[in-house]
Amino acid sequence: MNIRLFKPSIGEEELEMIREAFDRSWIGLGPMVEEFEKQWAEFIGCKIAIGLNSCTAALHLALRTFNFPEGKKVILPSLTFSATASAILYNRLIPVFVDSDPVTLGISLEDLERKHDSDCVAVIPVHYAGHPVPMDKLTSWAKGKKLRIIEDCAHTAGGIYQGKALGTWGDIGCFSFEEKKLMTTGDGGMLVSDDPELLKDIKAMRWVGIDKDNWKTAQAYTSANKDAMHWFYEINLLGYKYNMNDLAASIGLAQLKKLPEMNKRRSEIIRKYLDDIKKINGIKPLLPFEPEKYVYQMFGIRTEKRDELMIYLKSKGIATGCHYTPLSIQPLFKKWGNNCPFIEQEANKFITLPLHADLTKEVVDYIIQKISEFNKY
Ligand SMILES: Cc1ncc(COP(=O)(O)O)c(C=O)c1O
């Protein structure tokens with residue numbers, strides 16, 4: 001047995017799309033990126049989507065677009081991946097780490113209130129594992145404090161909270177298509193918003209500051225419009241090399257078609273885990289999963305015997321993980337001194353278990369069986 005923790009579900013559909021990109025011989029930033037952006041905006045139900053090479057890039061540019069003065073503060077949960085905080089540092093801003101809600105593990109609204117001060121300019125809620133932050137409460141609080149909201153949607157793709165898609169509650173939503181996520185493009189990200197004015201510079205920022213897509217320039221060159229100054233472009237701002245490319249977008253288009261089915265499959269697996277785990281003493285689900293309502297990128301448990309169980313499962317060929325060591329105790333970030341006492345202790349109980357759309361019932365049975373065997377020692 002060699003059971004992976006995460007695994008992309010990819011096959012002939014993706015290969016066919018890649019083949020088409022090869023046939024066009026255009027694999028950089030091109031028409032497939034534009035098509036994927038269009039379809040993603042429709043899928044999420046937002047006005048504009050911009051394809052990037054990662055969610056890290058999306059978080060960086062999302063904050064960049066507000067031009068906050070250096071040294072202002074941005075609030076984020078301590079329980080997240082490093083990229084959420086790195087994006088704050090890239091923008092020369094200061095991270096304010098907030099503890100987790102003990103039940104949902106999302107950002108604690110009480111600690112948020114406590115740590116907020118007049119230097120705070122934005123908040124980045126993270127829908128941890130895919131479980132939604134109560135965005136109704138968060139947005140009304142943040143608007144009262146005049147904070148910008150950037151949703152880190154790396155763990156969700158198609159999740160809906162109170163009838164509104166995650167990613168559309170704040171000013172900007174950032175998605176990830178890295179290989180472990182709900183759908184993948186290898187690496188990739190998408191930035192979404194309902195405010196095109198807010199995103200007006202993002203296309204230049206993702207393409208080294210150039211205000212024109214070169215595949216459109218190439219098209220204009222061969223069109224009847226012979227007098228167009230196709231070589232002219234301007235650089236008005238500092239850009240990055242953050243664009244998505246057509247190869248990634250081609251995979252993304254195939255994955256997006258399969259996403260509802262893959263999400264359904266994940267929900268069924270989580271339901272099975274939940275039903276089976278109930279029968280095992282000392283093991284609790286990581287959070288109040290509602291797989292019929294939300295979509296989840298991760299499934300996990302809480303146990304007092306974290307290390308021993310992880311080592312035992314490894315000896316049985318089952319990969320596990322721990323998401324995450326809270327950032328407030330990471331050497332790079334701890335100097336900002338935002339204690340998050342609950343999550344800094346509680347995260348020592350977390351085990352992430354295998355979850356991906358190709359996981360079979362038999363394999364989940366095997367995982368559950370090994371967890372209960374361990375429990376009997
Ligand atoms: C919560 C969270 N935010 C951001 C990211 C960054 O995503 P990417 O790998 O697409 O840059 C990740 C990736 O794992 C993540 O888990």
Side-chain angles (χ1 to χ4, degrees), residues 4-8 33 36 40 49-64 74-91 95 97-98 100-101 104-107 122-133 135 149-157 159 166-167 170 172-192 202 206 240-245 248-249 251-252 255-256 266 286-287 294-300 321-328 330 332-333 340 343 347 350 352 355-356:
R4 284 175 64 172
L5 186 55
F6 303 110
K7 187 180 90 54
V33 173
F36 185 33
W40 189 260
I50 298 183
L52 301 170
N53 59 11
S54 69
C55 180
T56 307
L59 290 162
H60 180 180
L61 295 188
L63 279 170
R64 178 77 190 75
V74 178
I75 304 169
L76 77 163
S78 177
L79 186 67
T80 183
F81 184 62
S82 60
T84 324
S86 309
I88 298 171
L89 298 190
Y90 296 160
N91 281 281
F97 296 105
V98 169
S100 293
D101 179 277
T104 64
L105 301 180
I107 193 164
V123 54
I124 312 183
V126 177
H127 304 297
Y128 174 75
H131 199 77
V133 169
M135 291 307 289
I149 304 167
I150 296 163
E151 285 177 80
D152 183 334
C153 296
H155 299 176
T156 184
L166 295 176
I172 295 177
C174 301
F175 291 87
S176 173
F177 306 126
E178 183 261 346
E179 82 151 6
K180 298 188 282 298
K181 300 305 190 299
L182 289 142
M183 59 164 270
T184 188
T185 59
D187 268 310
M190 196 69 88
L191 189 148
V192 307
I202 299 280
R206 76 171 172 184
Y240 305 84
K241 190 63 175 62
Y242 277 176
N243 61 285
M244 181 177 276
N245 66 46
I251 300 172
Q255 286 270 289
L256 183 53
R266 282 165 175 273
L286 185 64
L287 46 89
Y294 306 123
V295 296
Y296 293 97
Q297 186 250 340
M298 288 194 293
F299 178 78
C322 173
H323 296 87
Y324 300 91
T325 301
L327 295 185
S328 49
Q330 287 287 6
L332 175 66
F333 299 115
C340 296
I343 200 61
F350 296 175
T352 310
L355 178 68
H356 55 80

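Remember, it's 1-based here, ligands and their atoms both numbered in the order they're listed.
- Looking at ligand 1, you'll find an N or O of Cys55 within less than 3.5 Å of one of its N or O atoms.
- In plain terms, the two heavy atoms of Ile124 and Pro77 that are nearest each other are O-CD, 3.2 Å.
- Remark: the His127 side chain and the Tyr294 side chain contain no N/O donor-acceptor pair separated by less than 3.5 Å.
- Contact atoms of ligand 1 toward Tyr324: 16 (O) (distance under 4.0 Å to a heavy atom of the residue).
- Ligand 1 does not have Ala57 within reach: every non-hydrogen atom of the residue lies 4.0 Å or more from it.
- Taking every heavy atom of both residues into account, Val192 and Gly167 meet most closely at CG2-O, 3.5 Å.
- Of the candidates Leu52, Asp152, Thr56, the one placing a heavy atom closest to atom 4 (C) of ligand 1 is Asp152.
- If you number the atoms of ligand 1 from 1 as listed, the ones under 4.0 Å from a heavy atom of Ala154 come out as 1 (C), 2 (C), 3 (N), 4 (C), 5 (C), 12 (C), 15 (C).
- Between Phe97 and Phe333, the ring planes are perpendicular. Angles over 60° get that label, and only those under 30° would be called parallel.
- In this model, no donor atom of one side chain and acceptor atom of the other lie less than 3.5 Å apart for His155 and Tyr296.
- Under 4.0 Å from ligand 1, heavy atoms of Ser54 appear from its side chain as well as its backbone.
- Which parts of ligand 1 touch Gly188 is read off a 4.0 Å heavy-atom cut-off, strictly below it: atoms 10 (O).
- Between the choices His127, Lys181, His155, the shortest heavy-atom distance to atom 16 (O) of ligand 1 belongs to His155.
- Rounding to the nearest 0.5 Å places CG of Leu76 at 10.0 Å from CG of Leu59.
- Near Glu178, the atoms of ligand 1 lying under 4.0 angstrom from a non-hydrogen atom of the residue are 9 (O), 10 (O).
- Although no hydrogens or angles enter the test, the distance criterion places a donor-acceptor pair under 3.5 Å between the side chain of Asn91 and the main chain of His60.
- Between Asp187 and ligand 1, no N or O atom pair is found at a separation short of 3.5 Å.
- Below 4.0 Å from some heavy atom of Val126 lie the following atoms of ligand 1, by number and element: 1 (C).
- Within ligand 1, the atoms closer than 4.0 Å to a non-hydrogen atom of Thr84 are 3 (N), numbered from 1 in the order shown.
- Between Phe36 and Trp40, the two ring planes are perpendicular [angle over 60°; tilted spans 30° to 60°].
- Under 4.0 angstrom from ligand 1, there are no non-hydrogen atoms of Lys180.
- Of all atoms in ligand 1, numbered sequentially from 1 with element shown, those under 4.0 Å from a heavy atom of Thr80 are 1 (C).
- Atom 12 (C) of ligand 1 has as its closest protein heavy atom Phe81 CD2, 3.4 Å.
- One distance of note links OH of Tyr128 with CG of Leu79; it measures 4.5 Å at 0.5 Å rounding.
- Between the Gln255 side chain and the Leu182 main chain, no donor and acceptor come within less than 3.5 Å of each other.
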